[in-house]
**Q** 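Have a look at this one.
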Amino acid sequence: MAEIPRRLRRAVAPLVADVRQQRNIEAYTAFLVGLAVAALSLADAVALHYQLAALLLGVNFLIFASRRAGTGDGPALDRVLRGREAFQPFGSLLPGVEDLRIYGPTAAHVLLNNADIRKLVLARGGSVRCVILAQDAAAVAGAALQLDDSVDLASTLAHSAEIVRRLGREEPNFEFRRLAVNPGFSLLIVNAHRSDGYAIVELHGFQDENIADRMHLRISRRESPRWLDYWIERYDALWKAARPELRDEES
């Protein structure tokens, strides 16, 4: 019996997400109008010509909505492509996280919350993988050319390196590696293979004036299994290309 509510919640969850994000509202409205008309017709509560008028209104509503959706207007795209300000504080994303995967040139804005990562993920048996840039001149120079200059990349990277080294020493479920080149995006993957999994992809652009100018995508498994799996595979490839830090690099 407990399985039925779980199935019902899984079935209803996409509908709730659509309503919250104002997707497919016209289709749901037309469906509810049709359902109401069908119920009233069975009860002989509404005259036939009123029923037909309501059905025609619903059809016209759908035609108008499909034409508007096909225009490719800006606001619809802006609901998908967002800035950093659209996302909650990082710490609020962590409750319930069992699998966290991070890539950023310095990942400084994530690692700033390392106490929350310890408490809400690692201390509860979760695992964390983190990749940051290697501390060599070529990697830092290449990334510095691409990224904004609002922070000192070399010193920020050095600070992030100290944090991941400490977490690597103290937390058995924390792993980190160093990458020799910046791929042009930052990537955060949460609960990769669970039904509630999602990825946040940050595109770096080129020489932005501010880190907050970067474009972000949030891709959930419910919304697009295909593209979530794509970014999980990109992280796996990135992890494979990165390398563990050698002891003589820690000095």
**Q** Determine, using ring centers only, whether Trp231 and Phe185 are less than 6.0 Å apart.
**A** yes
**Q** Indicate yes or no: at least one non-hydrogen side-chain atom of Phe90 is less than 4.5 angstrom from one of Ile117.
**A** yes
**Q** Going by side chain to side chain contact (heavy atoms under 4.5 Å, CB included), name the residues that satisfy it together with Glu171, two or more places apart in sequence or in a different chain.
**A** Arg118, Leu122, Leu167, Phe174
**Q** Less than 4.5 Å apart, side chain to side chain, heavy atoms only: is that true for Ile102 and Leu187?
**A** no
**Q** Examine Leu217 and Tyr230 and state if one hydrophobic cluster contains both, with Ile, Leu, Val, Met, Phe, Trp and Tyr joined whenever side-chain heavy atoms are less than 4.5 Å apart.
**A** yes
**Q** Answer yes if Leu203 and Ile232 sit in the same cluster of Ile, Leu, Val, Met, Phe, Trp and Tyr residues linked by side chain heavy atoms under 4.5 Å apart, and no otherwise.
**A** yes
**Q** Please collect all salt bridge (Lys or Arg N to Asp or Glu O under 4.0 Å) contacts where either partner lies in residues 90-100, sequence neighbours excluded, each pair once.
**A** Glu98-Arg194, Asp99-Arg101
**Q** Does any pair with a residue in residues 150-161 pass salt bridge (Lys or Arg N to Asp or Glu O under 4.0 Å), and if so which ones, sequence neighbours excluded?
**A** none
**Q** Shortest non-hydrogen contact from Gly197 to Leu228?
**A** O-CD2, 3.7 Å
**Q** Nearest 0.5 Å, what's the CG-CG distance between Leu145 and Leu153?
**A** 11.5 Å
**Q** Assess whether side chain to side chain contact (heavy atoms under 4.5 Å, CB included) is satisfied between Tyr198 and Ile189, documenting all intermediate values.
**A** CA-CA 6 Å; Tyr198 63 90; Ile189 298 177; over 6 Å; no
**Q** Got a sec, which residues hit side chain to side chain contact (heavy atoms under 4.5 Å, CB included) with Ala108, two or more places apart in sequence or on another chain?
**A** Thr106, Thr156, Ser160
**Q** Out of curiosity, Glu162 CD to Leu157 CG, how far, rounded to the nearest 0.5 Å?
**A** 10.5 Å
**Q** Please give me the minimum heavy-atom distance between Gly91 and Leu120, naming the atom from each residue.
**A** O-CD1, 4.0 Å
**Q** So, using side chain to side chain contact (heavy atoms under 4.5 Å, CB included) as the criterion, who are the partners of Asn182 when residues are at least two apart?
**A** Tyr103, Pro105, Leu133, Ala143, Gln146, Leu147, His204
**Q** Show me the pairs that pass salt bridge (Lys or Arg N to Asp or Glu O under 4.0 Å) and involve residues 133-145, at least two apart or across chains.
**A** none
**Q** Could you tell me which residues satisfy side chain to side chain contact (heavy atoms under 4.5 Å, CB included) with Arg129, sequence neighbours excluded, listed by chain and number?
**A** Glu175, Tyr235, Trp239
**Q** Just jot down the side chain to side chain donor-acceptor pair (under 3.5 Å) partners of Asp229, sequence neighbours excluded, or say none.
**A** Arg221
**Q** Is the shortest heavy-atom distance from the side chain of Val128 to the side chain of Asn173 under 4.5 Å?
**A** no
**Q** Please step through side chain to side chain contact (heavy atoms under 4.5 Å, CB included) for the pair Asn114 and Lys119, ending with a clear verdict.
**A** CA-CA 9 Å; Asn114 66 88; Lys119 178 181 178 181; over 6 Å; no
**Q** For the residue pair Ser195 and Arg222, what are the closest heavy atoms and their distance?
**A** O-CG, 4.0 Å
**Q** So Met215 and Glu202, side chain to side chain contact (heavy atoms under 4.5 Å, CB included) or not? Walk me through it.
**A** CA-CA 6 Å; Met215 185 173 69; Glu202 177 184 79; over 6 Å; no
**Q** Identify the two heavy atoms, one from Ile219 and one from Ser224, that lie closest to each other, and give their separation to 0.1 Å.
**A** CG2-O, 3.9 Å
**Q** Answer yes or no: is there a side-chain heavy-atom contact under 4.5 Å between Val164 and Ile132?
**A** yes
**Q** Arg177 and Ala242: which non-hydrogen atoms are nearest, and at how many Å?
**A** CB-CB, 3.6 Å
**Q** Quick one: do Leu93 and Leu100 satisfy side chain to side chain contact (heavy atoms under 4.5 Å, CB included)? Show the steps, please.
**A** CA-CA 10 Å; Leu93 303 177; Leu100 181 64; over 6 Å; no
**Q** Do Arg165 and Phe176 form a cation-pi contact, if we require the NZ or CZ to be under 6.0 Å from the six-membered ring centre and within 45 degrees of the ring's axis?
**A** no
**Q** For a quick test of reading the model, state the closest non-hydrogen atom pair linking Val121 to Val97 and the distance between them.
**A** CG1-O, 3.8 Å
